[in-house]
Amino acid sequence: MRTLLKSLIVAVAVTATASTAFDASANSTRLDQILEQVKRERQLEGRINQEREQAFINARQDQQRLLNEARRALANEEARGERLQKEYADNDILIAQKEQELISAQGTLGELFGMVRGSASDAIGVVSTSIVSAQYPGRHEPLRGLAAATELPTIPEMEDLWVALLTEMVESAKITRFDAEVVNLDGGSSTQRVTRFGSFHITTDRDYLYYNADTNQLQPLGRAPISRVHNSVADFHGTRAGNLTSLFVDPTKGNSILRLNQQRATLSEYYHQGKFVGYLITALLIIGLLIAIERFVVLTLVGGKIRAQLKNLSNPSDGNPLGRILKVYHNNKSADVENLELKLDEAILRETPKVERGIGMIKLFAAVAPLMGLLGTVIGMIMTFQTITLYGTGDPKLMAGDISLALVTTALGLIAALPLIFAHSIVATKAKSVLHVLDEQSAGIIAAHAEKEKA
């Protein structure tokens with residue numbers, strides 16, 4: 001307001017100085033108006049200042065009152081804190097006294113409590129992984145609280161432990177059939193009738209099952225065990241009452257031997273571990289056996305034709321080696337013995353390659369197959385040493401593939417050689433029998449011809 005008043009006075013002064021044309025009466029009236037306005041403004045400003053001053057006084061009184069209340073509250077809380085601190089100290093002493101009294105009162109019960117908790121912890125591992133839990137799930141849950149308890153167990157809790165252990169012992173001696181949810185290999189599940197053999201195995205009518213303790217589910221083995229073990233399940237379930245049969249039991253309760261069986265390589269997997277060397281050995285075996293089969297069939301037919309020709313020596317045929325030799329004889333009856341012998345030997349020499357064709361190849365394959373197996377062994381060992389050079393010997397699995405190549409190729413080479421040797425022996429024997437008949441008949445013809453000449 002004072003600033004406004006000063007501005008008005010300055011404006012009036014400037015106006016009075018600049019406006020010399022106004023008359024005195026007009027100036028006097030205006031000055032009176034300004035004076036009245038200034039007085040009203042002064043009174044208004046005074047009232048406002050009084051109101052503001054009163055408001056400040058009231059606010060100060062309120063702040064003082066709040067300050068006093070805060071000081072009283074602080075004093076009360078400090079007193080309360082001292083009282084609670086004293087109570088806390090007293091309660092600590094009381095708790096220590098009561099704990100000592102509890103220990104004294106427990107006596108030998110403390111040892112019993114430790115034994116119960118230890119037994120409960122051990123029982124959880126046994127019960128939760130037992131296949132009996134597939135039929136009676138959730139048996140280990142009451143034992144968890146008992147194993148983690150910090151207080152003395154109650155009689156019902158100790159009875160739960162006793163019942164769990166007794167149930168495990170009783171059920172481990174039973175063969176029981178019940179319906180259970182079985183997870184299929186395709187990811188789905190179905191309710192099937194299963195048989196539990198104590199605490200060792202759970203099977204369907206044909207397959208062994210594995211109890212997964214983590215998911216509390218029954219699931220088939222990823223790979224069936226060997227046939228005689230796997231078939232024993234079906235044989236057992238197919239046996240009539242009163243008859244005896246055998247069933248293979250995993251003494252590790254299906255958790256080790258049967259599961260490790262899933263990691264066993266099949267014959268097909270073993271074969272493919274031989275890689276390209278094994279494939280070449282197989283090709284040799286197949287080709288050699290095909291040749292042997294062809295030779296066996298051909299020589300068998302030739303032998304039959306020769307036997308038929310032996311019954312009709314006077315009528316030789318071009319359809320068999322003996323008939324062709326007899327024709328040579330018939331065409332050279334007038335020759336002397338020496339020339340006839342040469343002609344017959346020549347005829348036999350012509351027939352010999354046809355009879356012995358392919359037999360040498362079988363023998364060659366039988367000799368090459370083990371050598372190729374040895375080659376695969378050398379390659380596998382070279383690759384094994386390369387792996388050792390790069391990765392060391394810390395993990396045998398890194399070298400297993402190369403060692404398998406070395407061993408499998410050796411086995412394949414021997415496996416291929418054995419049937420090829422037998423096939424060669426059989427075919428060579430047949431070929432020799434055919435050539436023996438030809439030589440025998442040729443010698444007989446020559447002897448008969450010589451006797452005729454002498455006569």
Side-chain angles (χ1 to χ4, degrees), residues 1-19 22 25-118 120-121 124 138 140-161:
M1 294 302 292
R2 292 178 180 177
T3 303
L4 178 61
L5 181 59
K6 290 179 181 180
S7 299
L8 291 175
I9 293 174
V10 172
V12 170
V14 172
T15 303
T17 304
S19 304
F22 293 100
S25 59
N27 291 336
S28 177
T29 303
R30 185 174 295 277
L31 290 174
D32 291 339
Q33 293 177 352
I34 293 172
L35 180 59
E36 290 296 328
Q37 183 177 359
V38 169
K39 289 180 179 180
R40 288 194 300 272
E41 294 292 337
R42 181 179 180 184
Q43 294 175 355
L44 179 60
E45 184 179 3
R47 289 195 300 272
I48 293 174
N49 288 335
Q50 289 177 357
E51 292 175 356
R52 292 176 62 193
E53 184 177 1
Q54 186 63 37
F56 288 150
I57 292 172
N58 294 337
R60 180 179 180 183
Q61 293 176 351
D62 292 338
Q63 294 297 325
Q64 185 63 40
R65 178 176 57 79
L66 294 175
L67 177 60
N68 293 334
E69 291 178 357
R71 288 176 177 174
R72 287 193 298 272
L74 177 61
N76 294 333
E77 292 299 325
E78 289 178 349
R80 180 173 175 271
E82 293 177 357
R83 185 176 68 257
L84 293 177
Q85 187 174 5
K86 183 177 180 304
E87 291 178 0
Y88 182 79
D90 295 339
N91 288 336
D92 271 347
I93 297 173
L94 181 60
I95 289 173
Q97 294 175 352
K98 294 299 182 182
E99 287 179 348
Q100 189 63 37
E101 293 176 4
L102 179 61
I103 293 173
S104 300
Q106 285 180 355
T108 57
L109 289 178
E111 298 180 4
L112 176 62
F113 176 44
M115 293 179 61
V116 169
R117 285 204 307 175
S121 299
I124 289 174
H140 62 284
E141 294 299 334
L143 303 181
R144 293 190 182 278
L146 182 59
T150 58
E151 300 176 351
L152 286 173
T154 62
I155 292 179
E157 290 175 339
M158 296 179 66
E159 289 178 348
D160 289 339
L161 174 60

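In this text the structure is predicted, and so the values were computed from the model without any measurement.
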Is Glu69 salt-bridged to Arg65, cutoff N-O under 4.0 Å?
yes
Does Ile57 form a side-chain contact (heavy atoms from CB on, under 4.5 Å) with Arg60? I'd like the steps, not just the answer. CA-CA 5 Å; Ile57 292 172; Arg60 180 179 180 183; 5.7 Å; no
- Taking the side chain as every heavy atom from C-beta outward, state whether Arg80 and Glu77 have any pair of such atoms under 4.5 Å apart. yes
For this session: Count the heavy atoms of every other residue, nucleotide or ligand shown that sit under 6.0 Å from CD of Glu53, and state whether that count exceeds 12.
Result: no
Interatomic distance, CG@Asn76 vs CZ@Arg83, rounded to 0.5 Å, equals 9.5 Å
For atom CZ of Arg71, decide whether the heavy atoms of other residues, nucleotides or ligands shown that lie under 6.0 angstrom number more than 12.
-> no
query: Heavy-atom distance under 4.5 Å between the side chains of Leu84 and Glu87, does that happen here?
result: yes
### Task
Side-chain contact test, heavy atoms from C-beta onward, threshold under 4.5 Å: evaluate it for Ile95 versus Lys98 and give yes or no.
no
Here the gap from Thr29 atom OG1 to Ile34 atom CD1, rounded to the nearest 0.5 Å, amounts to 11.0 Å
The reported gap from CD in Gln64 to CG in Leu66 (rounded to nearest 0.5 angstrom) is 9.5 Å
